[in-house]
K.L.:
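Attaching a single structure in structure tokens format; questions to follow.
Because the structure is predicted, anything quoted here is derived from the model rather than measured. All chains are named by letter (A, B, ...) in the order of the sequence lines, taking the proteins before the strands, and each is independently numbered beginning at 1.
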Protein chains: 2
Amino acid sequence: MNARELLKQHVLKSASLTDEQFDYFFSHFSQQSFKKGQTIISEGNEVECEYFVLSGCLKAFFINDDIKMYILQFAMPTWWTSDYNALYSHSRATINVDCITDAEVLCLSNADREKLCAEIHQVEHFFRWRTNRGYVASQKRLLSLMNNDAKKRYEELLTLYPELYNLVPKHLIAAYLGITRETLSRLYNGR
Amino acid sequence: MNARELLKQHVLKSASLTDEQFDYFFSHFSQQSFKKGQTIISEGNEVECEYFVLSGCLKAFFINDDIKMYILQFAMPTWWTSDYNALYSHSRATINVDCITDAEVLCLSNADREKLCAEIHQVEHFFRWRTNRGYVASQKRLLSLMNNDAKKRYEELLTLYPELYNLVPKHLIAAYLGITRETLSRLYNGR
DNA sequence: ATAATTATGTGACCTACATCACATCGGGGG
DNA sequence: CCCCCGATGTGATGTAGGTCACATAATTAT
């Protein structure tokens, strides 16, 4: 499926746009290709855009003072990602986004999103629901982090996104779960 | 300040409604009063409404199988709360909301919110931004939970919301931080 | 193909926080 | 006014997961 169709099917799930409206909406996106390992957003820089993943897999992550990485989000096809804190508040990025595999994305600028939301009520509706779902998912992950031990969180992740198992190196899975790669290795190799 | 003015000032921060629009918007809210300890949403029941806090302090919390409580959110004046997962997906509540102090709230039904969002573009805009901010806050808390130890999280919480210190019993602060009351006690009484 | 990274496994030991047990304090209802 | 229960403090001990160290397998670059 091409970029236009993939985005269209995704958007129409939660908003009803006419064909003309969608074409206008789509005209504000630019397609970009990245190689495995390339950085899309890096800490300290301005953040202009959010990204809709067409193919491949990205990660949004934070590096702390001890150079430990924590992964906020994996982003696979039809997922959106960015440093939303920086994007919404027009501040510098505090997280990074890069490519776990080669990837293609559609890029939408903050200014264009706001313009489109103001111009087309249904676009605003779409973005409200996208964030609603993100918010609920984030709350669930918070609860899981407080309530479940590492093993349960690992099983939960693989149940929710089985495709990650082969796609993503284990030390990144660990960084998502909030544990070390050693602990993760011990979890599935029985202590 | 009365309920109408408090909500109006809150809404106008991120949306521009005319006086008539706001009056219409406001007419869909119903005011309710609760006593300390009263339950507003309880696990297993249908969730109809979300709540805008006028006065007092609520907590949204989860109780796990071991009867341990985890607090997802405190809600103070001008904050919104509900079980959004249940509310949005029309399922039964998996979390509870009750009153830490006597409280007054404005109650808006899910159906009315959607109706208002569809009727008034600026209302949809308002709710999009409200959730945007909630999403960013939730991501920050996730990072903090993974990256910082209990002491740092405690200091962070008190810096962000100093009013909680006198308002909320310590065992609830602990339940928010994801630690036991004993550990919290040891943190600020130097081991 | 070979060298150089990068990812993963595994042991020994350490630490933050949990658990359990019991003491004390303080405020609201009878 | 007193009693009782919820909130808090504190010690002794248990444990999940972290840290460090080193070995080995799998990719990537040359």
K.L.:
Touch check for Gly37(A), heavy atoms < 4.0 angstrom, all strands: base, sugar-phosphate only, or nothing?
P.N.:
nothing

K.L.:
When you get a sec, tell me which of dC20(C), dG11(C), dG17(D) is the closest nucleotide to the side chain of Ala150(A)?
P.N.:
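In terms of side-chain proximity for Ala150(A), the closest of dC20(C), dG11(C), dG17(D) is dG17(D).
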
K.L.:
Which whole-number value in Å describes the distance from Asn166(A) CG to dA7(C) C1'?
P.N.:
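Those two atoms, CG and C1', are 15 Å apart.
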
K.L.:
Using only heavy-atom distances, decide whether a donor-acceptor pair under 3.5 angstrom links the side-chain of Glu182(A) to the base of dC20(D).
P.N.:
yes

K.L.:
Please give, in whole Å, the distance from dT28(D) P to Lys35(A) NZ?
P.N.:
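Distance, rounded to whole Å: 12 Å.
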
K.L.:
Round to the nearest Å and state the distance from Leu145(B) atom CG to dG17(D) atom P.
P.N.:
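Distance check: Leu145(B) CG to dG17(D) P gives 13 Å.
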
K.L.:
One thing to verify: whether Lys35(B) and Asp102(B) come together as a salt bridge, which I'm taking to mean a side-chain N less than 4.0 angstrom from a carboxylate O.
P.N.:
yes

K.L.:
Has the side chain of His90(A) got a donor or acceptor atom that lies under 3.5 Å from a matching backbone atom of Ala86(A)?
P.N.:
no

K.L.:
Output the rounded distance in Å from CG (Asn147(A)) to C1' (dA16(D)).
P.N.:
15 Å

K.L.:
Of the options Trp79(A), Phe74(A), Tyr154(A), which is the one that meets Tyr161(A) in a ring pair (Phe, Tyr, Trp, His ring centres under 6.0 Å)?
P.N.:
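When Trp79(A), Phe74(A), Tyr154(A) are each tested with Tyr161(A), the ring pair (Phe, Tyr, Trp, His ring centres under 6.0 Å) holds only for Trp79(A).
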
K.L.:
Quick check for you: to the nearest 0.5 Å, what is the distance between Phe25(B) atom CZ and Arg113(B) atom CZ?
P.N.:
10.0 Å

K.L.:
Confirm from the modelled atom types if Arg186(B) and dG11(D) form a donor-acceptor pair under 3.5 Å, side chain to base only.
P.N.:
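Side chain to base: pair found, below 3.5 Å.
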
K.L.:
Is it the case that Thr131(B) and Asn132(A) place a side-chain donor and acceptor less than 3.5 Å from each other?
P.N.:
yes

K.L.:
Is it true that the side chains of Gln73(B) and Thr81(B) contain a donor and an acceptor less than 3.5 Å apart?
P.N.:
yes

K.L.:
Only one of Gln139(A), Glu156(A), Arg153(A), Lys152(A) clears side chain to side chain donor-acceptor pair (under 3.5 Å) with Ser144(A); which?
P.N.:
Glu156(A)

K.L.:
How many whole angstroms separate atom CD1 of Ile100(A) from atom P of dT27(D)?
P.N.:
16 Å

K.L.:
Could you give the CG-to-C1' distance, from Leu187(B) to dC17(C), as a whole number of Å?
P.N.:
9 Å

K.L.:
Output the rounded distance in Å from NZ (Lys151(B)) to C1' (dT15(C)).
P.N.:
15 Å

K.L.:
Near DNA chain C, which residues from residues 58-71 of chain B have a heavy atom under 4.0 Å away?
P.N.:
Lys68(B)

K.L.:
Could you list all N or O pairs between the protein and nucleotides 6-8 of chain D that sit under 3.5 Å apart?
P.N.:
| from | atom 1 | to | atom 2 | distance (Å) |
| --- | --- | --- | --- | --- |
| dT8(D) | OP1 | Lys170(B) | N | 3.0 |
| dT8(D) | OP2 | Lys170(B) | N | 2.9 |
| dT8(D) | OP2 | His171(B) | N | 3.0 |
| dT8(D) | OP2 | His171(B) | ND1 | 3.3 |

K.L.:
Rounded to the nearest angstrom, tell me the gap between atom NZ in Lys36(B) and atom P in dC5(D).
P.N.:
17 Å

K.L.:
May I ask you to evaluate whether Thr180(B) reaches the phosphate of dC17(C), defined as a side-chain N or O under 4.0 Å from OP1 or OP2?
P.N.:
no

K.L.:
Mind checking the CD-CG spacing from Gln9(A) to Leu12(A)? Nearest 0.5 Å is all I need.
P.N.:
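So the CD of Gln9(A) and the CG of Leu12(A) are separated by 8.0 Å.
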
K.L.:
Are any non-hydrogen side-chain atoms of Asp83(A) and Thr94(A) less than 4.5 angstrom apart?
P.N.:
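Contact flag for Asp83(A)/Thr94(A) side chains = yes.
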
